[in-house]
Amino acid sequence: MRRYIVGRLLLMIPTLIGVAILTFVIMRAVPGDIVALRYAGSSVPQEVIDQERHILGLDKPMWAQFVDWMTSISHLDLGQSLWTGHSVIEELQVRMPLSIELAVLATLFAVALAIPLGVVAAVKQDSWVDYAIRVFSIGGLAMPSFWIGIMMVLITLTLWGWAPPVVFTPLFDDPVANLAGLILPAVAVGYRYSAVSMRMTRSTVLEVLREDYVRTARAKGLRETIVVVRHALRNALLPVVTVVSLEFAFLIGGLVVTEQVFNLNGIGKLLVDAVAHRDYPLIQALVLLLASVFVLVNFVVDLVYVVLDPRIRYS
Amino acid sequence: MLRSRIAPILVLALILAACSQAAKPTATPTASVAGGEKPISGGTLTFIVNAEPPSFDGHRETTFALLHPIAPHYSLLYKFDPNDLTKVIPDVAAEMPAVSADKTTVTVKLRQDVKFHDGTGMTSEDVKATYDKIIFPPTGVLSPRAGAYAVVSAVNATDKYTVEFKLKYPSASFLTNLASPWNFIYSAAKLKADIHFYEKNIMGTGPFVYDGNTKGQDWRGKKNPDYFGKDKDGNKLPYLDAYKALIITDANAEVTAIRSKQAMIEFRGFTPSQRDDLSRSLPNDLAIQEAPWICVNYVVPNSTKKPFDDPRVRRALTLAVDRWGGGEALSKTTIVKDVGGLMRPKGPFAMSDADLAKIAGFGKDAAANKAAAKKLLTDAGVPNLSFKFLNRNIQTPYEPVAVYLIDQWKQVGITATHDVKETSAYQADLRAGTFEVALDFNCDFLDEPDLQLAKFWSASKAGKGLNFAFYDDTKLDGMIDAQSRETDPAKRLALVGDIERYAMDEMAYQYPVLWWYRIIPYLSVVRGWKIGSNHYTNQDLTTVWLAKK
């Protein structure tokens, strides 16, 4: 097992290097750069543009820029944002707590909704309860979370003249203000997220309920709750855990529109701004970070499989 | 049971009501400074900025996103009068400048009571260091507006509180350019220690001291107790205790912030529909100010590409557009309104409507213009002209303006394909000249021909990187240079009119579509702020105060 873990950890390195090369090349293949954008619409002479490109090192050959970047990375230096001139680490530090907290809240909401409802839908298959839950989950899939967010803000504004705070307050500064700012986006995102997990839970539980060992458990005279929760659900959870984990990884950097609707200063918005600005060091660092999150989450999920299903062994 | 059935219906009705665009606005445009009101000191102004400042250095940047949160920390040599935004008044200068008889030496006396936020006194050395950085930037320092001061040969500190600008030749625009909102007065000592100090630090002489910022989220300032400014009754300025700029980039979130009263104002501008939405939601708490804006979109045919090297084709493109009808229609949905030439309509250099109507594409008989356009296209051998029309992916007002143009061109047989690109790619095409016809834009802080004509210099000379029509025209260069040196206002006005006729009508190089129109809906507690014709000046917040509800 230890060998497996070390092997998987080492395999992450070439994966991330591949991601780094791809990001570097793709971004430079896209037309336009930060200097043209910075002075868009203003009467700035070409000499100033050329001078700024030189200062930022954008006039160097692509290979030289790549070598510079790789050298910095090897010293654990992610570089400086070309837009603000501040270190990339500093830019990330401000946004990371919000994105992680939102992802955690949305995941908690989604799991709390998805697993019980998914199990109930499976147990009450083809009853009105099942249909109602399925309609509810299809609603979550059909409506974009940003639209749900806009509607929630409109409703709270119209009914109570209240909207979530437009400025994020860290959890430990003021937990109430923190939750007031995050609860609506967490619900908006968590609803869609729960819909995917709910449908997955329902179908896997249905499948497991038809297995011989479940029939055996019932034949032994166990109570239905124990049969469902202890025997069926645990075995049905493997694909659900996979879906939930990948969604969690996605939430860290994928909530661009929701972050804009609620004016949340998160990683998704930062990434989109960085791409729009052609802020290469920031884009490269963010993509690398998000890829690392995905790779790590995948790894952790594989380890969780062992806990959930003792038959699984890695060698 | 009944309640549970009614609730969803009620919610749905409320959503529909909120989304409805049919209702008329209930608040009306008002003046900002209520006559006879006595300003009250205290309170925190919260306002929206819809972008984040890149660096903190006003000399280096060109975006309003820097000015709105950061200008209150700084003073200028001169500034625009907050009560009459067409008038220049002293800021750290003690009086208006003295100009020598040959108009090539400008002497500025400075106030002696100005202190930087670190407690050091401001002297002429600070002003000299500031203007040297702007006009003669050392290697590695960027100064995008250095060209605007090309007329200056030297800046001298003649005594502790006197600065002298030596000019190469008399300049019509130099004095007003001293009120440029970007020319923050910096400390000579700080610049000497590190010329890049102000890119990441704040230390000015302005009415508000830096109180912190959270990246991508907010910017905070608090009252400077040592600020030198006083109002006409001798009360110390500023009136506000503090301000907080909220960075909100989404248009819906901006409206929500004002509607929920988390923000009081956004100083750049809203669309008519956003104004109407706020007006319906806050009928008793909203004030609105509106004004023509020194911002405009240009149609730019690339004269290095066939058939746009033919003036007949370029004239046909402008003749096809009914600007008067367009202004009326588009002003209902987006932020364009007035018809004008190269200078802002209703501004000090604007042509009369009668003179304007004589220029191709600006006449009021749209049918006759379109017929003339068709004939020109036929004469030029391109009756069914088709091209790609480059535009940037910003909704307001670029998209509706482009859609309107494409429709107008279609009516004379031109097929224009809307080629929308994100700003960076759009700029790359524009600068490389890899387009046929583009929608360009320009915004300035002042009605000043030297600024508004900057894009009209020859592309290989002074217009390099600015003139995206890519023509070279020594005659036009001479005309622009002549107006710049003409210090007699009436003669200068006539010269500017000649330039407009030559550039837009005779040669039809590039031409405005419609001038923008600025709309500021805000909570009526905000007083002492007056809308101007640009979103750059009048942002130091010295005279802004909050009324008690």
Side-chain angles (χ1 to χ4, degrees), chain A residues 30-52 54-55 81-86 90-91 93-95 98 150-151 153-159 161-168 257 259-266 269-270 273 275-278, chain B residues 11 14-15 17-19 48 52-55 61-63 140 142-148 199-200 214-218 244 246-250 252-254 256-257 259-263 281 392 421-431 440-444 451 454-455 462 464-466:
Chain A
V30 177
D33 68 20
I34 191 164
V35 184
L37 187 87
R38 188 171 207 141
Y39 297 125
S42 53
S43 303
V44 176
Q46 190 63 39
E47 292 72 40
V48 174
I49 305 258
D50 295 341
Q51 198 188 347
E52 171 121 17
H54 178 69
I55 290 169
S81 159
L82 300 181
W83 186 251
T84 64
H86 289 94
E90 213 179 311
E91 299 285 349
Q93 269 172 348
V94 180
R95 277 88 174 184
L98 185 150
I150 291 173
M151 287 301 115
V153 172
L154 268 178
I155 291 167
T156 56
L157 252 180
T158 311
L159 290 180
W162 180 88
V166 289
V167 174
F168 173 70
V257 187
E259 283 176 7
Q260 281 188 329
V261 167
F262 289 98
N263 199 48
L264 295 172
N265 190 23
K269 200 163 145 227
L270 181 67
D273 286 348
V275 172
H277 293 153
R278 303 286 190 275
Chain B
V11 168
L14 283 167
I15 293 169
C19 296
I48 297 167
E52 191 176 6
S55 78
E61 304 300 343
T62 60
T63 169
L142 292 167
S143 179
R145 284 168 292 274
E199 288 174 16
K200 292 183 184 174
T214 309
K215 292 183 147 304
Q217 184 166 293
D218 62 30
K244 188 173 188 176
L246 307 173
I247 297 167
I248 304 179
T249 54
D250 180 73
N252 282 322
E254 285 181 57
T256 300
R259 207 174 146 184
S260 61
K261 300 185 180 173
Q262 294 184 63
S281 317
R392 65 197 294 209
K421 296 192 172 175
E422 61 153 334
T423 302
S424 197
Y426 159 88
Q427 280 293 328
D429 276 356
L430 216 54
R431 286 186 181 270
D440 191 11
F441 64 105
N442 190 53
C443 280
D444 286 312
L451 298 177
K455 282 177 179 287
K464 193 176 175 191
L466 305 173

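Note on naming: letters A, B, ... go to the chains in the order of the sequence lines (proteins, then strands), and numbering restarts at 1 for each one.
Interface check for chain A: of the options A253(B), A428(B), G216(B), the most heavy-atom pairs under 4.5 Å are formed by G216(B). Ranking G161(A), A276(A), P165(A) against chain B, the residue ahead of the rest is P165(A), based on heavy-atom pairs under 4.5 Å. Between chain B and the options V166(A), V257(A), L270(A), L82(A), heavy-atom pairs under 4.5 Å are most frequent for V166(A). Contact tally against chain A (heavy-atom pairs below 4.5 Å) for A148(B), A425(B), S260(B), P54(B): the top residue is P54(B). Ranking V30(A), T156(A), N263(A) against chain B, the residue ahead of the rest is N263(A), based on heavy-atom pairs under 4.5 Å. Interface check for chain B: of the options L157(A), V261(A), I55(A), the most heavy-atom pairs under 4.5 Å are formed by L157(A). When each of E47(A), H54(A), R95(A) is checked for heavy-atom pairs under 4.5 Å with chain B, R95(A) comes out on top.
Between atom OG1 of residue T423(B) and atom NE2 of residue H277(A) there is a gap of 9.0 Å, rounded to the nearest 0.5 Å. Once rounded to the nearest 0.5 Å, the distance linking OG1 of T214(B) with CG of N265(A) reads 8.0 Å. From Q217(B), atom CD reaches atom CG of L264(A) across 9.0 Å, with rounding to the nearest 0.5 Å. With rounding to the nearest 0.5 angstrom, the CZ atom of R38(A) is 12.5 Å from the OG atom of S424(B).
Looking at heavy atoms from C-beta onward, I49(A) lies in side-chain contact with R431(B) at the 4.5 angstrom threshold. In this structure the side chain of L154(A) reaches within 4.5 angstrom of the side chain of R259(B), judged on heavy atoms. Considering only heavy atoms from C-beta on, E52(B) stays 4.5 Å or farther from D273(A) through its side chain. T249(B) has its side chain within reach of Q260(A): a pair of non-hydrogen atoms, C-beta onward, lies under 4.5 Å apart.
Residue I247(B) touches chain A through its backbone alone, counting heavy-atom pairs closer than 4.5 Å. Heavy atoms of V167(A) lying under 4.5 Å from chain B belong to its backbone as well as its side chain. Both the backbone and the side chain of F168(A) come within less than 4.5 Å of a heavy atom of chain B. Both the backbone and the side chain of I248(B) come within less than 4.5 Å of a heavy atom of chain A.
Counting only distance, with no hydrogens or angles, the side chain of Q427(B) and the backbone of V35(A) share no donor-acceptor pair below 3.5 Å.
Closest approach of K200(B) and G85(A) over heavy atoms only: NZ-O, 2.9 Å. For the pair A163(A) and T256(B), the tightest heavy-atom approach, listed with the atom from each and the gap, is CB-CG2, 3.6 Å. Considering all non-hydrogen atoms of both residues, I150(A) and N252(B) come closest at CD1-ND2, 4.0 Å.
Within 6.0 Å of atom NZ in K215(B), more than 12 heavy atoms from other residues, nucleotides or ligands are found, so the atom counts as buried in its surroundings.
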